[in-house]
**Q** 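Take this structure first; my questions come after.
The figures here come from the full heavy-atom set of this structure, side chains too, leaving out hydrogens, waters and symmetry mates.
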Amino acid sequence: MNSPTKNQKVKVAVCIGVMCAVSYLAIYVARNILSAVSPQIKGEGILNESQYGMLTSIYFFVYAIGQLINGAIGDKISAKYMMSIGLVLAGVANFVFPLFSDSLAGMYVSYGATGFFLAMIYGPMTKVVAENVDELYVARCSLGYNFSSFFGSPAAGMLAAIFTWQTSFNITSALLVVMGIVTFACFAVFEKRGIIVPQKRVVHKHQGDGIRSLIKHDIIRFTLISILTGVIRTTVIAWLPMYLTDYLGYAESSSALVFTVATFIISFTAFISVFCYEKMGRNMLHSVLVFFIVATAGFALLYFVKHSVLNIAIIVIAIMASNAAASILWSVYCPSLKETGMVSSATGFLDFASYMSAAASTAVFGNAVTAIGWSGLILVWLGLMVAGILVSIPFKFRRKTA
């Protein structure tokens, strides 16, 4: 059997990358729609800050648990079924959410269910990329769905700026169901044409072999990186509309517009991170370290700069730098675990760690805004980025030899 040519490898990377990007856009619009419409929901008296914090915390918690469970299942079941079923069921749960606007418990349950079903996508999708895309093109292939993960925020912001919050949720639900059907059809075509080739599952002789293999691949360090960046890439973005209204004094309508523009700019982080990664010699840790340093400088400046326009520019840069570190984790590190046979499980675990930290921090931030104010919260974000610098310093512990 002849080895694939460069053109064939590029074709595979492009086809899989585009499919994943489109599917993932629907996911991140759904994930960010609540944040985008939060000023509307708060303005109508449906949720206050504490209840909103609890709702997003429940979502992140259930999503995290879902990543852990579905990631492990994703190493055993075809991604074609996992992804398409997850998208459709998430669409149904998302559609039900506005129907419970007068029931706090109903909102908690339906939004939590949306999180669990959306957690059926990322682990299996990363496994498909790792197993079918040539190593040279993995980071570039991942650009599409990483861009989608960031572009979901401005897309949700545009919906919030144009429609009522109920209509925004309904549109998002329809998008999820349609993409579930499209994803299944694309997988069927790609498998028929040999673009996606089902791989034999790696079976470890002993239960601990897979875990030892992941530890050898530095998963402990990257788990810490996942936790730290998870707070910024999910929680800070979720609170950004309220930050704009409460701290910087923007009106609800202006807040939605600023949020859309800011997150649109942030969405280009994936391209910047991969570009810098390749310019820095494709060195994961050095790239992550540089991004954390920039993020730390950004949040330090944010504390002192009160001018609204400059403040927004600085927080955008700080978020982009932190998200760039996260992009290296998801676009480069996770697919590099192919030889462990646990790409989906490991990706699910790392996402679990990320969203558990987001769930905890969201609940804490809701009370922290009242207790220490937004300025105090900025110092908390700064501390997280300093911890990121320490974690990403490239050193390894070595066993002493006798």
Side-chain angles (χ1 to χ4, degrees), residues 24 27-38 41 46-74 82 86-87 89-94 96-98 100 103-124 149 152-153 156 169 172 176 222-242 322 326 329-330 344-369 377 380-381 384:
Y24 221 50
I27 294 167
Y28 267 80
V29 171
R31 276 196 39 195
N32 287 286
I33 196 66
L34 179 66
S35 173
V37 301
S38 60
I41 293 177
I46 296 171
L47 294 173
N48 57 35
E49 286 90 343
S50 179
Q51 291 167 336
Y52 171 76
M54 180 58 68
L55 183 62
T56 51
S57 184
I58 287 171
Y59 172 88
F60 289 144
F61 178 78
V62 175
Y63 185 85
I65 296 296
Q67 285 289 355
L68 195 63
I69 296 171
N70 294 318
I73 296 173
M82 290 286 291
L87 285 163
L89 292 180
V92 173
N94 200 66
V96 170
F97 176 79
F100 289 107
S103 169
L104 193 57
M107 295 179 83
Y108 286 162
V109 172
S110 58
Y111 201 59
T114 301
F116 184 84
F117 295 132
L118 288 179
M120 295 175 67
I121 287 86
Y122 192 64
S149 71
S153 293
F169 264 88
T172 304
L176 286 168
F222 280 94
T223 299
L224 295 173
I225 291 172
S226 176
I227 290 170
L228 294 169
T229 57
V231 175
I232 305 299
R233 79 186 180 102
T234 52
T235 311
V236 176
I237 288 292
W239 282 94
L240 189 55
M242 286 194 184
S322 176
L329 167 66
W330 306 115
S344 181
S345 298
T347 302
F349 170 74
L350 289 168
D351 231 4
F352 163 79
S354 175
Y355 284 98
M356 283 299 287
S357 67
S361 60
T362 299
V364 171
F365 288 176
N367 297 318
V369 170
L377 201 52
V380 173
W381 298 338
L384 292 172

**Q** Would you say that more than 12 heavy atoms from the other residues, nucleotides or ligands in this model lie under 6.0 Å from the CZ of Phe61, or not?
**A** no
**Q** Side-chain contact test, heavy atoms from C-beta onward, threshold under 4.5 Å: evaluate it for Trp330 versus Leu350 and give yes or no.
**A** yes
**Q** Which heavy atom of Phe117 sits nearest to which heavy atom of Ala93, and what is that distance?
**A** CD1-CB, 4.3 Å
**Q** Please report the closest heavy-atom contact between Ala30 and Leu176, naming both atoms and the distance.
**A** CB-CD1, 3.7 Å
**Q** Can you tell me how far CG of Asp351 sits from CG of Asn70, rounded to the nearest 0.5 angstrom?
**A** 11.0 Å
**Q** Is the closest side-chain heavy-atom distance between Phe97 and Ile33 below 4.5 Å?
**A** no
**Q** Distance from Ser226 atom OG to Arg233 atom CZ, nearest 0.5 Å?
**A** 6.5 Å
**Q** Do Leu240 and Val236 have side chains that approach each other closer than 4.5 Å (heavy atoms only, starting at C-beta)?
**A** no
**Q** What are the two closest heavy atoms between Pro124 and Gly74, and how far apart are they?
**A** CG-CA, 3.9 Å
**Q** Between Ser35 and Tyr52, which heavy-atom pair has the shortest distance, and what is it?
**A** CA-OH, 3.4 Å
**Q** With Ser345, which residues qualify under side chain to side chain donor-acceptor pair (under 3.5 Å), at least two apart?
**A** Asp75
**Q** Could you measure the distance from the CG atom of Leu118 to the CG atom of Asn94? Nearest 0.5 Å is fine.
**A** 7.5 Å
**Q** For Ile227, is there any backbone N or O sitting under 3.5 Å from a side-chain donor or acceptor partner on Ser357?
**A** yes
**Q** Can you tell me how far apart CG (Leu34) and CD1 (Ile41) are? Round to the nearest 0.5 Å.
**A** 5.0 Å
**Q** Rounded to the nearest 0.5 Å, what's the gap from CD1 on Ile121 to CG on Leu87? Could you check?
**A** 4.0 Å
**Q** Using a 4.5 Å cut-off on heavy atoms from C-beta on, say whether the side chain of Ile69 contacts that of Phe352.
**A** no
**Q** State, with a plain yes or no, whether a side-chain heavy atom of Phe169 is found less than 4.5 Å away from one of Tyr111.
**A** yes
**Q** Would Arg31 count as a cation-pi partner of Tyr63, with NZ or CZ less than 6.0 Å from the six-membered ring centre and within 45° of the ring normal?
**A** yes
**Q** Work out which heavy atom in Met107 is nearest to a heavy atom in Leu47; give both atom names and the distance.
**A** CE-CD1, 4.2 Å
**Q** Compare all side-chain heavy atoms of Thr223 with those of Phe349 and state whether any distance is below 4.5 angstrom.
**A** yes
**Q** Is the closest side-chain heavy-atom distance between Tyr59 and Met54 below 4.5 Å?
**A** no
**Q** Using every non-hydrogen atom in the two residues, find where Gln51 and Ile46 come nearest and quote the distance to one decimal.
**A** OE1-O, 3.8 Å
**Q** For the atom pair CG (Asn32) and OG1 (Thr172), what is the distance rounded to the nearest 0.5 Å?
**A** 10.0 Å
**Q** Indicate yes or no for a side-chain donor-acceptor contact from Ser103 to the backbone of Phe100 under 3.5 Å, with no hydrogens or angles considered.
**A** no
